[in-house]
Q: 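Can you read through this structure? Questions will come right after.
Atoms within each ligand, like the ligands themselves, are counted from 1 in listed order. Throughout, residue positions are numbered sequentially from 1 according to the sequence presented.
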Amino acid sequence: MPTLLRRIVPLASLAVVVTLSAGAGRAGSRHDNGLARTPPMGWNSWNHFGCNVSAALIRDVADAMAANGMRDAGYQYVTIDDCWQVARDSKGVIIADSTRFPGGIKPLADYVHSKGLKFGIYTDAGRRTCEGRPGSYGYEELDARTYASWGVDYVKIDWCNAEGIDARTQYAKLRDALLKSGRPIVFSICEWGSNRPWEWAPAVGNLWRTTGDIQDRWNSVLTIVNLSSQYWHVAKPGAWNDPDMLEVGNGGMTRDEYRSHFSLWAMMAAPLMAGNDVRTLADSTRQAAATRDILLNRDVIAVDQDSLGVQGMIVADNPPDLQVWVKPLADGSRAVLLFNRASVPSSMTADFGRIGLVAREARVRDLWAHKDTSGVTARYTATVPSHGVVMLRMWPAGD
Ligand code: GLA
């Protein structure tokens with residue numbers, strides 16, 4: 001099917017689409033660790049801190065998330081990305097950098113748990129991580145056992161230095177090792193979409209990256225959205241497309257662009273892993289307030305976390321810069337995104353027929369303006385800023 005046709009879903013009946021989506025996703029699935037029934041939420045060190053990670057940083061981040069409203073809004077996993085590990089001991093057990101993580105990882109995981117949060121860690125399916133630290137190849141079961149003994153709740157497994165290794169086989173081996181560890185551990189597959197993970201990863205992990213690394217730039221968001229939106233039909237509770245971690249708050253995009261980034265991730269039922277310095281989220285600066293308004297927008301988070309677990313889809317793309325997205329939700333409402341990719345503001349319309357809303361009228365909530373309108377009939381029209389969105393939730397009414 002040509003890409004454009006695959007991306008734009010004709011919504012004669014959204015109910016049919018939802019049924020097909022759920023059925024296709026479940027068939028043949030062998031991975032069900034009972035976790036990630038909604039897309040995982042949390043924070044990851046990589047986008048802002050790169051290799052500059054330490055126990056002190058992770059503790060401060062956990063403190064901040066418990067105090068600044070993030071934990072209460074649903075952000076759960078505090079994940080250290082690459083560079084925490086330095087070597088293996090004589091028995092092959094992975095060793096953390098003792099300068100940056102004095103006392104090792106277990107006390108740190110305990111600390112994160114004491115804050116009512118969960119703890120995540122990173123490794124690589126190949127011989128070395130992307131930053132050249134020891135990878136898990138050949139140590140799959142030992143590493144899974146080690147993580148379980150530390151109290152790890154989430155493992156992200158990368159794909160650097162994996163030449164000659166079959167992705168599907170190796171990630172299945174890691175899945176089995178994690179299951180065998182006896183501890184419930186969310187499995188995040190990170191092979192950047194290189195081996196068509198949407199075809200096999202739902203039976204292997206809880207989430208899988210669909211693209212290369214995000215960058216803190218508008219074009220990067222667009223590129224990722226163009227790719228990841230194509231695989232909407234594969235997502236389901238326990239198994240999610242992962243368009244990469246958030247850049248919201250890192251400074252490279254405008255307020256409207258960050259709102260779009262966050263809204264699109266919610267529409268795509270994507271994992272919401274904050275990637276900024278959340279220690280400054282409660283600051284009294286304008287930038288911190290803008291970042292808070294985005295990361296803590298509960299209306300938008302509720303769309304992402306909806307229990308129906310259907311990834312939103314593009315239903316209108318005409319002209320190509322003006323996209324209408326729809327995500328059906330468990331209570332019979334629909335999240336609708338009017339997304340203006342153009343460089344000028346534009347009037348855009350959510351037409352009931354186009355978004356599959358079968359009702360005489362609707363109640364509409366604007367999820368960024370936090371405003372409700374009732375008695376809407378046939379269509380809802382709004383002005384959408386350049387590179388911006390109007391995000392709506394529409395409830396059928398008046399039947
Ligand atoms: C890869 C991953 C990133 C990050 C880095 C760490 O590039 O895709 O998300 O984990 O490695 O080295």
Side-chain angles (χ1 to χ4, degrees), residues 36 39-54 57-58 61 75 77-87 94 96-97 100-101 105 119-137 139 143 147 152-163 165 167 170-171 174 178 185-198 201 204-217 219-221 223-225 227-228 231 240-250 252 261 265 268 270-278:
M41 292 177 65
W43 174 88
N44 174 296
S45 54
W46 184 254
N47 282 356
H48 191 88
F49 295 95
C51 262
N52 195 13
V53 287
S54 65
L57 170 70
I58 300 300
V61 163
Y75 295 88
Y77 296 97
V78 179
T79 301
I80 319 177
D81 208 279
D82 207 347
C83 302
W84 61 269
Q85 63 284 71
V86 283
I94 191 79
D97 180 332
R100 287 170 174 268
F101 296 90
I105 301 296
F119 182 72
I121 212 163
Y122 161 102
T123 187
D124 189 285
R127 296 164 189 90
R128 300 212 148 257
T129 72
C130 297
E131 290 294 324
R133 308 305 174 94
S136 287
Y137 187 70
Y139 297 91
D143 282 358
Y147 301 154
V152 167
D153 307 296
Y154 181 111
V155 181
K156 168 178 169 181
I157 307 193
D158 216 337
W159 190 236
C160 278
N161 306 300
E163 292 75 17
I165 305 174
Q170 185 61 13
Y171 278 110
L174 289 155
L178 290 171
I185 297 178
V186 172
F187 182 14
S188 159
I189 295 174
C190 177
E191 57 73 86
W192 324 304
S194 324
N195 301 274
R196 307 184 64 80
W198 40 88
V204 179
N206 296 110
L207 57 154
W208 55 88
R209 282 273 299 277
T210 46
T211 73
D213 289 7
I214 193 167
Q215 286 163 317
D216 190 14
R217 291 191 280 105
N219 270 344
S220 171
V221 166
T223 305
I224 286 177
V225 165
L227 292 168
S228 215
Y231 310 111
W240 309 102
N241 289 304
D242 176 9
D244 207 356
M245 303 165 300
L246 299 167
E247 291 285 8
V248 175
N250 278 335
H261 171 24
W265 263 233
M268 293 192 293
L272 297 179
M273 291 290 170
N276 58 318
D277 185 354
V278 295

Q: Who are the residue neighbours of ligand 1 when the rule is a heavy atom under 4.0 Å from any of its atoms?
A: Trp46, Asp81, Asp82, Tyr122, Cys130, Glu131, Lys156, Asp158, Cys190, Trp192, Arg209, Asp213, Met245

Q: Give a yes-or-no answer on whether the side chains of Asp158 and Trp192 include a donor-acceptor pair shorter than 3.5 Å.
A: yes

Q: Which heavy atom of Glu191 sits nearest a heavy atom of Pro197, and at what distance?
A: OE2-CG, 3.1 Å

Q: Without swapping roles, check the side chain of Trp240 against the backbone of Met268 for a donor-acceptor pair under 3.5 Å.
A: no

Q: Determine yes or no for a side-chain-to-main-chain donor-acceptor pair under 3.5 angstrom, with Asp216 supplying the side chain and Gly252 the backbone.
A: yes

Q: Taking Asn206 for its side chain and Ala36 for its backbone only, find out whether a donor-acceptor pair lies under 3.5 Å.
A: no

Q: Specify the closest pair of heavy atoms between Leu207 and Pro40, including all atoms of both residues, with the distance to one decimal.
A: CD2-CG, 3.9 Å

